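All values below were derived from every heavy atom in this structure, side-chain atoms included, with hydrogens, water molecules and symmetry-related copies excluded. As the structure lists them, so they are numbered: ligands from 1, and atoms in each ligand from 1. Given the structure is predicted, the values throughout are model-derived calculations rather than measurements.
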Amino acid sequence: MANPSLLILPGDGIGQEVMEQVKRVISWFGDKRGLAFDVSEDLVGGAAYDAHGTPLHDDTMAKALEVDAVLLGAVGGPKYDDLDFSVKPERGLLRLRKEMDLFSNLRPAQCFDALADFSSLKKDIVAGLDIMIVRELTSGVYFGEPRGIFEEGNERVGINTQRYTESEIARAARSAFELAMRRNKKLCSMEKANVMESGILWRDVVNEIAAEYPEVELSHMYADNGAMQLVRAPKQFDVIVTDNLFGDILSDCAAMLTGSLGMLPSASLGAPMANGRPKAMYEPVHGSAPDIAGQGKANPIACILSFAMALRYSFDKGDEAARLEAAIEKVLADGARTADLMGEEGGTPISTSEMGDVILAALDASL
Ligand code: IPM
Ligand code: MG
């Protein structure tokens with residue numbers, strides 16, 4: 001049987017250097033665990049714009065639709081700030097999500113024991129935190145029509161539209177219930193049903209889907225209260241399901257609870273392909289961090305953990321994913337720290353590639 005295929009899109013800024021470490025990890029699993037992948041690489045974001053005048057070439061889009069999984073680094077940078085909206089680096093990312101129809105975005109927020117002191121919240125509020133935000137990713141105000149900046153009378157008006165169909169809500173909700181079943185059977189749905197019709201529909205449909213999962217304890221919360229509860233007592237949550245825009249905001253909020261944005265992966269999943277695997281793209285939650293790009297300072301852990309999510313959700317290798325996650329916990333417990341993880345006590349940070357070295361050594365030690 002042919003090896004599973006991976007398309008690597010490092011993108012911009014630190015995307016390039018963190019992905020170098022992911023490639024080493026992928027090779028390790030090929031060499032040491034007999035998990036060989038056919039890896040190809042292409043451009044996205046500003047890098048694609050520089051080469052082709054578009055943040056995602058049609059050929060790259062076509063490849064993304066063919067492979068078993070896409071691994072993406074990060075897109076964007078100040079160099080591209082003044083570009084026309086239609087060719088901004090972010091448009092490449094949004095096109096991938098939309099055309100691959102990746103409706104379910106899994107964003108774990110997990111607090112590593114070794115890093116609990118780094119949170120802006122008190123240690124006991126975040127220690128042991130392990131929640132999962134399921135963000136609807138292909139609809140809502142990010143894509144709704146009408147949209148644009150129009151003339152109205154003698155002034156301009158900016159318009160975006162929050163729009164959700166029942167089926168769009170239902171499939172996102174179902175993926176969240178499925179996940180809840182594999183975790184602690186607890187799900188909280190967040191919207192603004194007090195002010196938005198789309199929120200009322202969201203709540204209705206989630207309640208309908210709940211009938212298929214009688215074992216899951218379902219609750220509903222207004223998203224503003226959800227944001228407040230996330231910083232007040234985050235451990236009350238297990239799985240959270242929410243729309244595209246609230247999910248964008250709440251997941252950044254949840255990510256920061258854990259102490260470092262440089263640590264968090266994400267998976268964006270769609271419908272199953274002919275081979276039974278879901279269409280999938282994996283990417284770190286952090287951005288391209290232009291301020292430190294090219295200096296070997298970036299933390300590659302979020303991107304490496306995104307590959308662990310690929311092992312689990314695309315390739316059904318939960319045991320190998322757990323091996324990789326354990327290796328990362330081990331190096332953190334042993335004190336390995338990139339610059340973003342330097343606490344008040346100081347010390348000397350290791351570089352991006354040195355973090356890769358110690359993770360590979362911990363993987364070797366796991367055999
Ligand atoms: C994210 C980012 C993106 C989003 C941007 C880069 C388009 O903030 O993945 O959370 O808003 O979805
Ligand atoms: Mg965001």
Side-chain angles (χ1 to χ4, degrees), residues 9-16 18-19 43-49 54-56 61 64 70-109 131-144 147 158 160-164 168 172 190 223 226-227 230-231 240-258 260-270 280-291 293 302-303 305-306 309-310:
L9 302 173
D12 306 321
I14 61 168
Q16 307 271 351
V18 296
M19 201 59 92
L43 304 173
V44 70
Y49 178 81
T54 162
L56 187 72
M61 187 64 244
V70 176
L71 299 183
L72 187 133
V75 296
K79 183 176 160 196
Y80 308 105
D81 280 352
D82 295 329
L83 285 182
D84 187 70
F85 187 71
S86 64
V87 289
K88 276 197 188 296
E90 291 79 5
R91 302 311 301 172
L93 177 58
L94 293 172
R95 183 178 174 199
L96 281 163
R97 291 174 179 172
K98 188 69 177 171
E99 292 194 26
M100 292 173 75
D101 203 15
L102 305 173
F103 58 85
S104 176
N105 181 211
L106 275 42
R107 299 191 162 190
I131 61 187
M132 179 76 91
I133 297 191
V134 179
R135 168 189 179 193
E136 196 292 325
L137 201 60
T138 49
S139 186
V141 76
Y142 272 56
F143 297 99
R147 65 182 298 165
N160 290 91
T161 302
Q162 166 83 334
R163 181 180 192 277
Y164 270 107
E168 285 168 341
M190 296 187 186
L230 268 173
V231 293
I240 292 171
V241 63
T242 190
D243 77 11
N244 202 344
L245 181 59
F246 293 141
D248 181 43
I249 297 166
L250 293 168
S251 65
D252 262 26
C253 180
M256 202 57 220
L257 297 175
T258 68
S260 173
L261 217 50
M263 304 288 297
L264 296 178
S266 77
S268 302
L269 306 175
M281 177 161 75
Y282 299 87
E283 55 181 305
V285 169
H286 64 67
S288 59
D291 51 323
C303 206
L305 285 173
S306 298
M309 288 188 92

**Message:** So for atom CZ, which belongs to Arg147, do other residues, nucleotides or ligands contribute more than 12 heavy atoms lying within a distance under 6.0 Å?
**Reply:** yes
**Request:** Return yes when atom CG of Asp82 has more than 12 non-hydrogen atoms of other residues, nucleotides or ligands closer than 6.0 Å, and no otherwise.
**Result:** no
**Asked** Taking N or O atoms only and a 3.5 Å limit, does Glu90 qualify as a polar contact for ligand 1?
**Response** no
**Item:** N or O contact, Arg107 vs ligand 1, cut-off under 3.5 Å
**Value:** yes
**Message:** Only N/O/S atoms count here: what is the atom of Asp248 closest to the Mg ion (ligand 2) called?
**Reply:**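 So the atom name we want here is OD1.
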**Asked** Where do Asn105 and Ala267 come nearest, in terms of heavy atoms and distance?
**Response**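 So the two residues come closest at ND2-O, 3.2 Å.
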**Asked** Just checking, Lys88 and Tyr80: is the charged tip under 6.0 Å from the six-membered ring centre and within 45° of the axis?
**Response** no
**Asked** Can the positive tip of Arg135 be found less than 6.0 Å from the middle of the six-membered ring of Tyr142, inside 45° of the ring normal?
**Response** yes
**Message:** Once rounded to the nearest 0.5 Å, what's the spacing between atom CD of Gln162 and atom CG of Leu245?
**Reply:**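 With rounding to 0.5 Å, CD (Gln162) is 7.0 Å from CG (Leu245).
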**Message:** Can you tell me if Arg135 contacts ligand 1 (heavy atom of the residue under 4.0 Å from the ligand)?
**Reply:**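 Arg135: in contact with ligand 1 (<4.0 Å).
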**Request:** Could you tell me if any non-hydrogen atom of Arg97 lies under 4.0 Å from any atom of ligand 1?
**Result:** yes
**Message:** Just to be sure I'm reading this right: ignoring hydrogens, which of Val285, Asp248, Asp252 gets closest to atom 10 (O) of ligand 1? Compare them by their nearest heavy atoms.
**Reply:** Asp248
**Request:** Provide, to 0.1 Å, the distance between atom 4 (C) of ligand 1 and the closest protein heavy atom, together with that atom's residue and name.
**Result:**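 Checked against all protein heavy atoms, atom 4 (C) of ligand 1 sits closest to Tyr142 OH, 3.4 Å.
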